[in-house]
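This report refers to the structure that appears directly beneath it.
Just follow the structure's listing: the first ligand is 1, and inside any ligand the first atom is 1. Side-chain atoms are counted along with the backbone in the values below, which use heavy atoms only and exclude waters and symmetry mates.
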Amino acid sequence: MSVTVTAFAPGRVNLIGDHTDTTGGLVLPMAIDLGTTVTGVRAGDRVVLESETEPEPAVVALDVADPAAVHPSWARYVAGVVAQLRPAVGFDGRVTTSLPVGAGLSSSAALEVAVALALGFDGPTVDLAQLTRRAEQQASGVPCGIMDQLASAAGVEGHALLIDCHEVTVAPVPVPDDVDVRVIHSGQARTLVGSAYAERTAALHEAESIVGPLRAIVDVGDLEPLRSIDRPGLLARARHVVTENARVRAAGDALRAGDARSFGQLMVASHRSLRDDFEVSTEVLDALVDRLVATPGVHGARLTGAGFGGCVVALTDPGALDEGWLVRPSAGARLL
Ligand code: GLA
């Protein structure tokens with residue numbers, strides 16, 4: 001008799017610290033109470049998954065060689081996990097999700113992590129995140145960092161996660177009960193994320209070839225160590241990362257102290273840095289952040305995730321906003 005397996009993996013929203021994970025910097029995301037469920041039986045010699053949101057199923061051979069060439073495109077993420085995990089037995093089941101797809105809440109990471117657990121991954125959380133990160137890179141060709149998969153895998157109920165992406169350590173920080181975290185879609189689909197993301201990441205590695213690891217520059221007073229970067233554009237990319245790492249550190253302290261006001265100010269500064277130095281915002285995102293920040297009871301708001309459209313996250317007094325999704329810091333991926 002085959003046993004039904006059900007795996008759930010949450011999406012994540014990043015409160016602060018974007019485009020810092022690819023250089024081993026700091027991020028502060030939280031797993032949310034929206035996510036993806038994979039249910040079915042371990043059987044057969046391929047992985048077959050129907051999805052409630054997709055017209056065509058994923059059908060993946062256990063020896064799939066090139067996940068990026070699989071069709072339909074959502075099945076590439078399933079194929080990436082199969083290629084990384086190489087389960088001995090296939091799977092027959094279905095995928096359901098409460099996450100908006102492509103909004104910047106890590107729907108692909110949630111799918112990968114849930115599939116890995118459903119297919120039988122059994123090991124430390126960090127290994128689950130590393131494996132599914134490689135699956136994402138293989139499936140999409142995007143040189144992503146570890147934040148999304150690790151937040152989904154390692155979420156803690158009631159906590160945000162202060163993650164050091166170099167050491168790959170997770171420090172849960174309680175989110176006070178008297179604040180709301182809201183995610184608001186800009187209405188703008190994310191565009192060019194893949195190529196622009198890769199270009200930004202390459203720029204950071206180029207900057208590091210000149211000044212060494214950006215994560216090691218912790219004195220942001222005068223940014224002296226960045227002076228040897230003589231191209232203003234490249235300097236600005238590096239400056240975003242160095243100042244963002246400092247903001248994440250300060251935001252972790254503010255959260256621990258229950259200081260929503262300071263946290264909100266750091267969020268706004270983060271958005272400006274992503275807009276002006278890293279140049280991954282859009283006019284629509286900027287206008288949304290400006291409008292939210294001008295609303296009474298809103299402590300701060302910023303684009304969240306890769307940028308170029310997608311969502312904004314806001315920290316508010318309870319009930320100050322009624323648009324978008326009210327999300328709660330939630331536990332990480334698990335078998336149900
Ligand atoms: C995407 C990537 C992450 C991270 C963010 C930006 O979500 O998958 O690794 O780099 O963008 O912070």
Side-chain angles (χ1 to χ4, degrees), residues 9-32 76-77 80-81 99-113 126 128-154 160-166 168 170 183 185-186 189-205 208 214-215 237-238 240-245 247-248 251 266-267 270-271 273-275 277-282 285 302-313:
R12 67 95 187 93
V13 63
N14 190 19
L15 298 176
I16 192 164
D18 272 307
H19 294 280
T20 48
D21 61 351
T22 48
T23 47
L26 302 175
V27 295
L28 188 56
M30 63 185 214
I32 60 176
R76 289 174 195 163
Y77 300 106
V81 174
L99 280 169
V101 172
L105 298 180
S106 294
S107 55
S108 62
L111 175 61
E112 292 146 7
V113 172
V126 168
L128 175 60
Q130 304 274 26
L131 182 143
T132 48
R133 176 201 186 186
R134 291 195 301 274
E136 167 93 29
Q137 292 180 335
Q138 215 179 347
S140 66
V142 176
C144 68
I146 199 170
M147 169 171 67
D148 303 348
Q149 289 78 13
L150 188 52
S152 178
L161 309 172
L162 181 56
I163 299 175
D164 178 323
C165 298
H166 180 64
V168 197
V170 180
V183 178
H185 201 294
S186 65
R190 290 183 306 159
T191 50
L192 291 175
V193 175
S195 55
Y197 186 95
E199 181 272 323
R200 295 297 189 284
T201 303
L204 294 180
H205 292 145
E208 291 198 315
L214 294 172
R215 66 174 178 278
R237 302 287 188 257
H240 164 69
V241 169
V242 171
T243 58
E244 186 81 345
N245 283 332
R247 283 186 289 270
V248 175
L266 291 160
M267 292 172 85
S270 167
H271 183 82
S273 179
L274 288 159
R275 180 190 68 190
D277 276 353
F278 215 64
E279 295 186 271
V280 293
S281 190
T282 64
L285 287 167
R302 58 186 288 282
L303 75 82
T304 182
F308 306 102
C311 286
V312 161
V313 60

Can you figure out which of Met147, Arg200, Gln149 has its heavy atom closest to atom 5 (C) of ligand 1?
Met147

Is Gly145 in polar range of ligand 1, meaning some N or O pair under 3.5 Å apart?
yes

Checking side-chain polar atoms at under 3.5 Å, does Ser273 have a donor or acceptor matched by the opposite partner on Glu244?
no

Taking a cutoff of less than 4.0 Å between a non-hydrogen atom of the residue and any ligand atom, is Arg12 in contact with ligand 1?
yes

So, does Glu208 use its side chain to make a donor-acceptor pair with the main chain of Leu214 at under 3.5 Å?
yes

Side chains of Arg200 and Thr22: do they bring a donor and an acceptor to under 3.5 Å?
no

Return a yes/no value for Asn14: is any of its N or O atoms, backbone included, closer than 3.5 angstrom to an N or O of ligand 1?
no

Output yes when the distance from some N or O of ligand 1 to some N or O of Asp18 is under 3.5 Å, and no in every other case.
yes

Answer yes if the side chains of Ser270 and Arg302 hold a donor-acceptor pair under 3.5 Å, and no otherwise.
yes

If you measure every N or O of Asp21 against every N or O of ligand 1, does any of those distances drop under 3.5 Å?
yes

Give a yes or no answer on whether the side chain of His240 reaches the backbone of Asp18 with a donor-acceptor pair at less than 3.5 Å.
yes

Atom 10 (O) of ligand 1: which protein heavy atom is closest, and how many Å away?
Tyr197 OH, 2.5 Å

Would you check if Val13 and Leu105 make a side-chain contact, meaning some heavy-atom pair closer than 4.5 Å?
yes

Atoms in ligand 1 with a heavy atom of Gly305 nearer than 4.0 Å
6 (C)

Students should be able to answer this: which protein heavy-atom is nearest to atom 7 (O) of ligand 1, and at what distance?
Asp148 OD2, 2.8 Å

Any heavy-atom pair between the side chains of Arg237 and Leu204 that's under 4.5 Å?
yes

